[in-house]
Every structure is written in C-alpha cells, then in structure tokens.
Amino acid sequence: MVPEGMVNALRRAGSLLNPGGIIVDIHPTPEPAHLEIATRSSFIRLAERLDDGTANGPRRRHAAADEAVAACVSSGTLVREAATEFTFHTLAETVDELLEYLSAKWKQLHFADADLSRARNDLARHPGSAIAVTERVTACRLRAPLTSVAGD
C-alpha cells in the first residue's frame, strides 16, 4: 500500500519548487541496519537491527519512503534525475556513546541487550576499535516535470 501521507508531502514539496529547483530525498533502505566492531582493517558484524514488523518498524517505514518516491515518479508528479545507494557508518568509541546518539536520532533503538553486551566485550578485546552501526542509504535528486509552453 502506497503511503498517502508521504506521497502528499512529496507532492506539496514539488509544488513549492522554483524553476530549476530540486528535492533531495535521503533515507535508509529497508535492509536492516547492523551493529559492527570497526577495527583498523575491517568491520566485524555482530547483529542486525531488530524489527517488530509493524508499520512503525524500520523496514516498513523505509520501504514506505521508497514507495512514496516511486509513486510520485510513476504518476509524473516528480522526475527522478539521479539515484544512488551507499553505505553509511555511525561510529562511536563506546557502546554507551553510540546508544546516546541513536536514542536521539532513531525512532526506535532495536538492538538486543545481549548483542550490546557482546559488543562491549568485543570492544574490550580489540583495542583501538570502535562500535559502529552500518546502514544502507538511498539518495535521489527529484525535480518538477518540465511543462510545455502553449504554441511550442
């Protein structure tokens, strides 16, 4: 089901664009974020972000954002000029520092206590390493469609 509230927000944003203006949409993909230890040479994956499967869960919210953009593009409301996906790492020196950041930025935390405890232990075993949350992120540049002028 296409999220009408998100579609309406994109339509409204598109209607406010000046000629040549763009909208940049950046949001996580539905792929679950995961917890990792970042050593000097690699990332050691510990756990995936938990998801309760509800509409408010991260997978469904992020999929809904994808669907809203796709709906606006397919209806001709907006034109997608470019799109890409990339990996984004949020790094911290301690699990507590990471949790403080995530609690301020994420709607739901969703890492199991056992995974966070294991992360603390792994950090202690890897001096000079960091704790990381890794996410796949999508970004696209959108613009209003070009309109033809009468008499063209």
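Here the CD atom belonging to E48 is positioned 11.5 Å from the OG1 atom belonging to T134, to the nearest 0.5 angstrom. In this structure, the separation between CD on E67 and CZ on R60 is 9.0 Å, given to the nearest 0.5 Å.
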Could you tabulate the donor-acceptor pairs under 3.5 Å formed by side-chain atoms of residues 76-86, not counting sequence neighbours?
from	atom 1	to	atom 2	distance (Å)
T77	OG1	S75	OG	2.8
E81	OE1	R141	NE	2.9
E81	OE2	R143	NE	2.8
E85	OE1	R136	NH2	3.4

Could you pull out all donor-acceptor pairs under 3.5 Å where a side-chain atom in residues 90-101 meets a protein atom, sequence neighbours excluded?
from	atom 1	to	atom 2	distance (Å)
T94	OG1	E97	N	3.0
D96	OD1	R120	NH2	2.6
E97	OE1	E93	N	3.2

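Each of V137 and V133 belongs to its own hydrophobic cluster when Ile, Leu, Val, Met, Phe, Trp and Tyr are linked at side-chain heavy-atom distances under 4.5 angstrom.
S15 contributes a side-chain N or O that, together with a main-chain N or O of R12, makes up a donor-acceptor pair within less than 3.5 Å. Not one N or O on the side chain of D115 forms a donor-acceptor pair closer than 3.5 Å with the backbone of F111.
For the side-chain contact (heavy atoms from CB on, under 4.5 Å) with I23, the qualifying choice from L16, L17, V69 is L17, the only one to do so.
Looking at residues two or more places apart in sequence or on another chain, you find a side chain to side chain donor-acceptor pair (under 3.5 Å) between T39 and S42. Taking the side chain to side chain donor-acceptor pair (under 3.5 Å) definition, one finds that N121 meets it with nothing, sequence neighbours left out. In terms of the side chain to side chain donor-acceptor pair (under 3.5 Å) criterion, E31 has no residue partners (sequence neighbours excluded). The ring-ring contact (aromatic ring centres under 6.0 Å, His included) check on H89 picks up F43, with sequence neighbours excluded.
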Q: Begin from the C-alpha positions of V24 and C140 and carry the test side-chain contact (heavy atoms from CB on, under 4.5 Å) through to its verdict.
A: CA-CA 6 Å; V24 176; C140 69; over 6 Å; no

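P127 and R40 make their closest contact through O-NH1, 3.9 Å (heavy atoms, listed as atom of the first residue, atom of the second, distance). Shortest non-hydrogen contact noted between G14 and A144 is O-CB, 4.4 Å.
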